[in-house]
There are 2 protein chains.
Amino acid sequence: MKDRKAKQQEVGQIAAQLRQQGNRVTPQRRAILRIIQEQEGHLSADEIYYLARREIPRLSLSTVYRTLDLLKDLHLVSELHLAGNHYLYEAQSGEHQHLVCVSCGKVVEFQCPHCSETHRQLAGRHGFKITGSRVELFGYCQECTSARSN
Amino acid sequence: MKDRKAKQQEVGQIAAQLRQQGNRVTPQRRAILRIIQEQEGHLSADEIYYLARREIPRLSLSTVYRTLDLLKDLHLVSELHLAGNHYLYEAQSGEHQHLVCVSCGKVVEFQCPHCSETHRQLAGRHGFKITGSRVELFGYCQECTSARSN
DNA sequence: GTATGTGCAAAGGTTTTGCCCCAAC
DNA sequence: GTTGGGGCAAAACCTTTGCACATAC
């Protein structure tokens, strides 16, 4: 887990990157970026909207979506679709996979570099050039498994 | 790939399973089930609706969704969320992974039993009891890669 | 100053729900 | 005959879009 200072720096770097690529750095984008960076977990567009409005009360949801689209294009955030009808967003920070509890909704990240590599090779055999991946395993977490057996 | 006879039998078995669990077997459910079984690829709710209406013209979209929900609960079909705002459905038939072309939308299935097993073990270390998984690799297929380099 | 970004409101598309009738058991 | 399921229409939901105004550069 990175400390606050590192994250502030990261937001700064990303802002610079945005500017370099001809995009403007607005307070809205800064706020959304920071919220995603500071949050360890995963956020829905609506949650980001809610949090960002504490700083920018007149922020609109469409700006959140537009900003997320932009950040997705730049591969700075990634979009997950875990359950129900909404997306979750998270800062792009290396390859990782998700464990999702279908009972309580908890999401745990884990790493499996070997599988990532294997997947990449297999994809290559099908002529695919991989740019991203999404691995989600569904099941019951420890707590929910215990709760269910009672 | 299973032949037609095997699939008809499968639909029959599933119908029996439905009945056993206290659900009724209606022509609508039969039709939807058969369509999903017969289709090798992935279908959206709307495509299923379109196909099923050839047999049951008065079928409604809500019935398609309700049936899919039921089949999902019984783990007879699985739901994918690949891109944009829609879901795709497919018959639950063993573990497999998806390659998705972000350019043309093509979806290719592939197998990686070793990764599946590894994932299961890793999940166990986090206390998770896995019931399902979704592995999607995004990238460019051969055709789109060529097209882009021109 | 100019082009990009924003807020607002309205549209868009997909999925869900309520209600009454119908049909599987 | 009961009770779960279906059709229809409307609602709900999240996301996208159009447009005029604001603002980062």
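Residue numbers begin at 1 in each chain, while the letters A, B, ... track the order of the sequences.
- In this structure, CG of A:L68 is placed 12 Å from P of C:dT6, rounded to the nearest angstrom.
- Atom P of nucleotide C:dG5 and atom CD1 of A:I56 are separated by 15 Å, given to the nearest angstrom.
- Between B:F110 and A:H119, the ring planes are perpendicular. Angles over 60° get that label, and only those under 30° would be called parallel.
- Looking at heavy atoms from C-beta onward, B:D46 lies out of side-chain contact with B:V64 at the 4.5 angstrom threshold.
- Where B:S62 and A:L61 meet DNA chain D, the nucleotide closest to each residue was compared, and B:S62 sits on the side nearer the 5' end.
- A donor-acceptor pair is defined here as one N or O able to donate and one able to accept, closer than 3.5 Å; no such pair exists between the side chain of A:Q121 and the backbone of A:T118.
- Atom pair B:I32:CD1 and D:dG5:C1' shows a separation of 12 Å (rounding to whole Å applied).
- In the interface, the side chain of B:R66 is not paired with the base of D:dG4 through any donor and acceptor atom under 3.5 Å apart.
- Of the possible polar contacts, one joining the A:T67 side chain to the A:T63 backbone as a donor-acceptor pair under 3.5 Å is found.
- Residue B:S60 places at least one side-chain N or O closer than 4.0 Å to OP1 or OP2 of D:dG7.
- At the heavy-atom level, A:L59 lies under 4.0 Å from the strands shown only through sugar-phosphate atoms.
- The OH-P distance, from B:Y49 to C:dG13, rounds to 16 Å in whole Å.
- Here the P atom of nucleotide D:dA24 and the CG atom of A:L70 are 16 Å apart, to the nearest Å.
- Minimum interatomic distance between A:L43 and A:I35 (heavy atoms only, all atoms of both residues): CD1-CG2, 3.7 Å.
- Near-neighbour residues of DNA chain C inside residues 19-29 of chain A, defined by a heavy atom below 4.0 Å, number-ordered: A:N23, A:R24, A:T26, A:Q28, A:R29.
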Donor-acceptor pairs are to be reported for all side-chain atoms of residues 26-33 of chain B against protein atoms at under 3.5 Å, with residues two or more places apart or in another chain.
from  : atom 1 : to    : atom 2 : distance (Å)
B:T26 : OG1    : B:R29 : N      : 3.2
B:R29 : NH1    : B:R24 : O      : 2.8

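- Shown here are the side chain to side chain donor-acceptor pair (under 3.5 Å) partners of A:R66, two or more places apart in sequence or in another chain: A:S62.
- Nucleotide C:dG5 holds its C1' atom 16 Å from the CG atom of A:L33, rounded to whole Å.
- One can place CZ of B:R53 at 16 Å from P of D:dG6, the figure rounded to the nearest angstrom.
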